[in-house]
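Data block below; observations after.
Just so it is clear, the model here is predicted, and its values are computed rather than measured.
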Amino acid sequence: EKSNKGLISIDPMETLFTAAKILLEKSIHRLPVIDPRSGNTLYILTHKRILNHIYPYLIESQLDPFFDLSIQKLGVGTYADVKQLKYDSKLIDAMDFFAHTRVSAIPIVDDCKKVVDIYARFDVITLASRGKYRDMDMTIRECLHLRSSQAVEVLTCKGSDSLIDVLQAVYKSPGTPVSCG
């Protein structure tokens with residue numbers, strides 16, 4: 001692990017285990033793989049990309065019994081004080097929450113508290129690219145409409161789901177946001 005002015009990165013000769021450990025210990029979602037000679041970014045590692053690489057090997061191997069444990073028992077996910085927004089919530093509410101926490105996304109729920117979408121930190125980039133970042137009175141619905149014309153399917157899981165079932169669902173749903181809890 002290298003740090004250059006606060007940038008946490010990894011050498012291309014390091015193992016995926018080391019990369020996953022850095023992602024976990026530093027509570028980051030993206031880890032640049034940087035060429036030590038040129039300083040160029042070769043790749044951006046994420047939890048999902050590591051899972052996509054190891055899942056086929058994992059499923060073929062003899063799994064440890066802990067993969068059958070529930071994600072809640074394993075401490076995966078958030079089960080108390082989960083911030084939720086509705087489509088008519090204001091952008092300022094999401095921005096304030098992102099500014100004061102290390103969460104990467106906020107579940108968007110309907111009137112029955114069913115998760116129907118997710119507003120992610122990444123969605124803020126869309127606002128900036130469209131010059132809309134100053135309009136803090138926009139609703140979450142308006143913000144998400146800028147994301148794309150496609151509706152986003154949200155993969156939800158329960159605390160009682162086994163780790164292997166959640167890993168399989170995430171692996172089989174590329175690019176789909178996940179909400180566990």
**Item:** side-chain contact (heavy atoms from CB on, under 4.5 Å) assessment of Thr139 paired with Tyr87
**Value:** CA-CA 7 Å; Thr139 65; Tyr87 278 130; over 6 Å; no

**Message:** Determine whether Leu45 and Ile22 satisfy the following criterion, side-chain contact (heavy atoms from CB on, under 4.5 Å), listing intermediate values before the conclusion.
**Reply:** CA-CA 11 Å; Leu45 278 175; Ile22 292 169; over 6 Å; no

**Request:** Apply side-chain contact (heavy atoms from CB on, under 4.5 Å) to the pair Val76 and Val166, showing each step before the final yes or no.
**Result:** CA-CA 10 Å; Val76 176; Val166 172; over 6 Å; no

**Item:** side-chain contact (heavy atoms from CB on, under 4.5 Å) evaluation trace for Glu142 with Leu91
**Value:** CA-CA 9 Å; Glu142 292 169 325; Leu91 172 61; over 6 Å; no

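Hydrophobic clustering places Ile71 together with Ile59 (ILVMFWY residues linked when any side-chain heavy atoms are closer than 4.5 Å, directly or through intermediates).
Rounding to the nearest 0.5 Å gives a distance of 9.5 Å between CG of Leu63 and CG of Leu167. Separating the NZ atom in Lys48 from the CG atom in Leu51 is a distance of 6.0 Å, to the nearest 0.5 Å. Between Ile44 atom CD1 and Leu31 atom CG the span is 8.0 Å, to the nearest 0.5 Å. Within the model, atoms OG1 of Thr46 and CD1 of Ile28 stand 11.0 Å from one another, a figure rounded to the nearest 0.5 Å. Interatomic distance, Asp35 CG to Ser9 OG, rounded to the nearest 0.5 Å: 11.0 Å. For the atom pair Asp117 CG and Arg141 CZ, the distance stands at 9.5 Å (nearest 0.5 Å).
Listed here is the closest heavy atom pair of Ile8 and Pro32: O-CD, 3.2 Å. Smallest separation of non-hydrogen atoms from Gln84 and Lys113: OE1-CD, 3.6 Å. Of all heavy-atom pairs spanning Val33 and Pro12, the tightest one is CG1-CA, 3.6 Å. Closest approach of Ile10 to Thr15, counting heavy atoms only: CD1-O, 4.4 Å.
Side-chain contact check for Leu69 versus Leu163: every heavy-atom pair is 4.5 Å or farther apart. Counting heavy atoms from C-beta outward, Ile106 and Ile140 have side chains that stay 4.5 Å or more apart.
Residues satisfying the side chain to side chain donor-acceptor pair (under 3.5 Å) test with Asp165, not counting sequence neighbours, are Ser162. Residues satisfying the side chain to side chain donor-acceptor pair (under 3.5 Å) test with Asp81, not counting sequence neighbours, are none. Every residue meeting the salt bridge (Lys or Arg N to Asp or Glu O under 4.0 Å) condition with Asp161, not counting sequence neighbours, appears here in chain and number order: Lys158. Residues passing the side chain to side chain contact (heavy atoms under 4.5 Å, CB included) test with Asp135 are Asp137, Met138, sequence neighbours excluded. Ser27 is linked by a side chain to side chain contact (heavy atoms under 4.5 Å, CB included) to Arg102, counting only residues two or more places apart in sequence or in another chain. Remark: Asp111 engages Lys86 in a salt bridge (Lys or Arg N to Asp or Glu O under 4.0 Å) (not counting sequence neighbours). Residues that satisfy the side chain to side chain contact (heavy atoms under 4.5 Å, CB included) test with Thr101, not counting sequence neighbours, are Phe97, Val103, Arg121. Scanning for side chain to side chain contact (heavy atoms under 4.5 Å, CB included) contacts around Asp123 gives Tyr119, Ala120, Leu144, Arg147, with sequence neighbours left out.
With a 6.0 Å radius and a threshold of 12 heavy atoms from other residues, nucleotides or ligands, Lys21 has its NZ atom at or below the threshold.
With hydrogens and angles ignored, the 3.5 Å screen pairs no side-chain donor or acceptor of Glu14 with any backbone N or O of Asp11. Checked by atom type and distance alone, the side chain of Lys83 never pairs as donor or acceptor with a backbone atom of Ala94 at under 3.5 Å.
Legend: ring pair (Phe, Tyr, Trp, His ring centres under 6.0 Å) pairs involving residues 20-55, not counting sequence neighbours, sorted by first then second residue: His53-Tyr57, Tyr55-Tyr171. Applying the side-chain hydrogen bond (donor to acceptor under 3.5 Å, both in side chains) definition to pairs two or more places apart or across chains, none involves residues 65-75.
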